Protein chains: 2
Amino acid sequence: MNVMQSTPPPHELRISSPDLTRERIVVAAREVMGRKGKRGATTREIAEMAGVNEATIFRHFGNKEGIVAAVAQRFCPAVELQAIATKLSGNIDEDLFELGRVLMERMEGLQDMIRWSMVEQHDPLDEPLISLGDQAWRAPEAIQHVLMEYMSRRIATGELKGDAKRLSRVFMGLVFSHVMSQLKFPDPEVYANPEASLRFYIDVFLNGVRS
Amino acid sequence: MNVMQSTPPPHELRISSPDLTRERIVVAAREVMGRKGKRGATTREIAEMAGVNEATIFRHFGNKEGIVAAVAQRFCPAVELQAIATKLSGNIDEDLFELGRVLMERMEGLQDMIRWSMVEQHDPLDEPLISLGDQAWRAPEAIQHVLMEYMSRRIATGELKGDAKRLSRVFMGLVFSHVMSQLKFPDPEVYANPEASLRFYIDVFLNGVRS
DNA sequence: ATTCTCTGCAAGTAAGTACTTGCATGCCGA
DNA sequence: TCGGCATGCAAGTACTTACTTGCAGAGAAT
């Protein structure tokens with residue numbers, strides 16, 4: 001990591017640097033592993049996509065597991081829970097829309113990693129310290145926690161009924177199935193306007209479909 | 001396929017027969033591919049699990065794709081739509097429970113194949129005639145179609161409101177996320193009594209959570 | 001100018017995996 | 001009793017893939 005060196009780089013717009021190479025590799029790895037999965041992604045394809053020699057990958061990360069760990073750390077940022085909380089207006093429909101929008105955005109961005117997390121299985125021998133699947137769920141889980149607390153408050157005020165945990169699970173399930181169905185059932189009527197779909201889910205969630 | 005021979009087998013309880021070994025292979029392949037996926041499943045592991053020599057697999061199915069096709073055909077039976085239709089009582093809550101129960105059962109049984117269908121990608125070259133992922137969704141899609149027609153009728157009578165297609169999608173999404181969350185979030189409170197959970201989903205779906 | 005670091009390149013190793021083949025054996029039907 | 005069929009077994013082929021290594025060149029820092 002030359003980043004920590006005391007001497008600054010000569011010009012900021014260096015054509016190439018170890019850190020830049022490393023970054024290109026991680027980005028390429030994320031792309032390839034999103035499509036082929038941790039196992040299906042080959043170091044060769046990652047190298048090609050990064051425009052880098054295969055040996056360079058191993059010089060940077062040691063082995064394949066090293067790339068996986070780097071990808072997991074690089075692409076699973078924590079959510080700024082503060083930013084969400086400040087946007088809440090008090091109107092349930094609008095608050096759920098805001099929370100749902102953030103949740104949906106995150107899930108869309110982490111779509112591929114979440115998909116792979118549902119089939120991922122690490123053999124009991126070399127348990128990875130950082131599981132891609134676990135990392136992918138960090139942000140959605142954090143948001144669900146906020147959701148649960150929100151539901152809990154609204155139940156206390158008598159605006160909602162039921163169990164906060166189950167309610168937040170159902171709400172997250174609606175967003176989850178929306179995002180996950182996109183590949184297999186790409187209905188344009190649903191996915192052309194995701195915010196409208198979200199409003200629809202919220203309407204069903206709050207009011208039901210009985211007339 | 002000795003099944004079609006004119007002469008009947010001498011005793012029904014044969015210790016071994018070509019058809020039986022074939023069956024054992026397909027069953028083992030389904031098991032292994034459910035865990036490791038189409039690519040991750042090795043012919044060696046399938047052979048071991050089937051208690052059969054690896055060469056026998058290729059004598060039966062030619063190549064790996066042959067096993068995949070056999071698994072896809074063997075484990076994706078069509079739904080008896082008649083059986084469902086006759087059970088409908090007219091009470092929406094009960095009908096949705098019946099439909100939801102069948103949907104949930106099927107999805108549980110096809111869980112692993114559905115999971116893999118969400119990351120499955122066939123390279124454009126050797127497109128398989130029978131895709132495991134497509135086959136896995138046959139039954140759920142059929143049930144969703146029944147659901148949609150049911151919703152459509154109830155909308156016509158004024159009991160439900162909204163668009164039948166979207167409604168059935170949301171309902172299927174509830175069951176879908178329930179089944180898919182089981183591995184990553186095995187909350188015993190939710191999964192110890194799946195029928196109770198289903199009733200909860202139906203309550204939210206029909207009446208909403210606003211008090 | 002020299003040294004040090006990063007990288008490309010080419011070759012190679014070891015392991016896994018799909019698939020083949022030839023032979024021996026055992027079981028069933030005729 | 002005999003002949004065919006299904007299978008086990010062992011060996012082997014061809015390909016992929018993670019990972020290594022030695023060398024050479026290009027910059028950058030000193």
Side-chain angles (χ1 to χ4, degrees), chain A residues 1-26 28-29 32-33 36-71 123 125-126 128, chain B residues 1-26 28-29 32-33 36-71 123 125-126 128:
Chain A
M1 307 253 191
N2 294 350
V3 153
M4 301 303 289
Q5 280 184 347
S6 53
T7 54
H11 358 296
E12 281 304 321
L13 20 124
R14 277 275 296 282
I15 299 170
S16 173
S17 85
D19 287 340
L20 209 154
T21 314
R22 189 189 167 90
E23 176 71 7
R24 284 224 310 279
I25 294 172
V26 178
V32 177
M33 289 176 43
K36 310 281 187 75
K38 171 179 164 180
R39 176 176 179 157
T42 69
T43 52
R44 187 180 308 161
E45 187 174 355
I46 294 174
E48 279 173 12
M49 175 149 295
V52 146
N53 194 277
E54 200 178 345
T56 304
I57 289 185
F58 291 100
R59 284 194 264 253
H60 270 275
F61 302 96
N63 53 29
K64 199 178 171 183
E65 207 58 48
I67 319 177
V68 175
V71 169
D123 33 0
L125 297 183
D126 59 342
Chain B
M1 308 246 188
N2 294 348
V3 153
M4 300 303 288
Q5 280 186 345
S6 52
T7 53
H11 359 295
E12 283 304 321
L13 22 124
R14 277 274 296 281
I15 300 171
S16 173
S17 84
D19 287 340
L20 207 153
T21 38
R22 188 188 169 90
E23 176 71 7
R24 284 223 309 278
I25 293 171
V26 178
V32 177
M33 289 176 42
K36 311 280 187 78
K38 171 178 162 180
R39 175 176 179 158
T42 69
T43 52
R44 187 180 307 162
E45 187 175 356
I46 294 173
E48 279 173 12
M49 174 149 295
V52 147
N53 193 279
E54 201 179 343
T56 304
I57 289 184
F58 292 99
R59 283 194 264 255
H60 270 275
F61 301 96
N63 52 29
K64 200 178 170 183
E65 208 58 48
I67 320 177
V68 175
V71 168
D123 34 359
L125 296 183
D126 59 342

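In what follows, every chain begins at residue 1, and chains take the letters A, B, ... in the order their sequences are listed. Remember, it's a predicted structure, so these values are computed and weren't measured experimentally.
The separation between B:Asn53 atom CG and C:dG22 atom P is 16 Å, rounded to whole Å. Atom-to-atom, CD of A:Glu54 to P of C:dG12 comes out at 16 Å; the value is rounded to the nearest Å. Atom CZ of B:Arg22 is separated from atom C1' of D:dA6 by 14 Å (rounded to the nearest Å). What separates NZ of A:Lys38 from P of D:dA18 is a distance of 12 Å, to the nearest Å. The separation between A:Glu48 atom CD and C:dC9 atom C1' is 15 Å, rounded to whole Å. Nucleotide D:dA18 holds its P atom 4 Å from the NZ atom of A:Lys64, rounded to whole Å. Atoms CD1 (A:Ile67) and P (D:dA18) sit 8 Å apart, rounded to a whole Å. One can place CG of B:Leu20 at 16 Å from P of C:dC27, the figure rounded to the nearest angstrom.
Considering every non-hydrogen atom in both B:Val71 and B:Ala29, the closest pair reads CG2-CB, 3.7 Å. A:Ala41 approaches A:Met33 most closely through the heavy-atom pair CB-CG, 3.5 Å.
Here A:Thr56 reaches the OP1 or OP2 of C:dG8: one of its side-chain N or O atoms lies under 4.0 Å away. The side chain of B:Arg39 places an N or O atom within less than 4.0 Å of a non-bridging phosphate oxygen (OP1 or OP2) of D:dT17. Note on B:His60: a side-chain N or O is less than 4.0 Å away from OP1 or OP2 of D:dT7. At least one side-chain nitrogen or oxygen of B:Thr43 sits closer than 4.0 Å to the OP1 or OP2 atom of C:dA18.
Distance from the side chain of B:Pro18 is smallest to D:dA6 among C:dC9, C:dC19, D:dA6. Listed nucleotides D:dC19, C:dC9, C:dT20 differ in distance to B:Phe58; the shortest reach to its side chain belongs to C:dT20. Closest to the B:Arg59 side chain, of the nucleotides C:dT7, C:dG22, D:dA18, is C:dG22. Among D:dC19, C:dG8, D:dA6, the nucleotide with an atom closest to any side-chain atom of A:Asn63 is D:dC19.
The only member of A:Ile57, A:Val52, A:Asn53 that meets side chain to side chain contact (heavy atoms under 4.5 Å, CB included) when paired with A:Thr21 is A:Val52. Checked against B:Thr43 for a side-chain hydrogen bond (donor to acceptor under 3.5 Å, both in side chains), the options B:Glu54, B:Glu48, B:Lys64 give a single hit: B:Glu54.
Counting any heavy atom pair closer than 4.0 Å across all strands shown, B:Ala47 reaches no nucleic acid atom. At the heavy-atom level, A:Gly51 lies under 4.0 Å from the strands shown only through sugar-phosphate atoms.
Where A:Ala55 and A:Arg44 each meet DNA chain D at their nearest nucleotide, the meeting point lying more 5' is that of A:Arg44.
With sequence neighbours excluded, the residues satisfying salt bridge (Lys or Arg N to Asp or Glu O under 4.0 Å) with B:Glu23 are B:Arg74.
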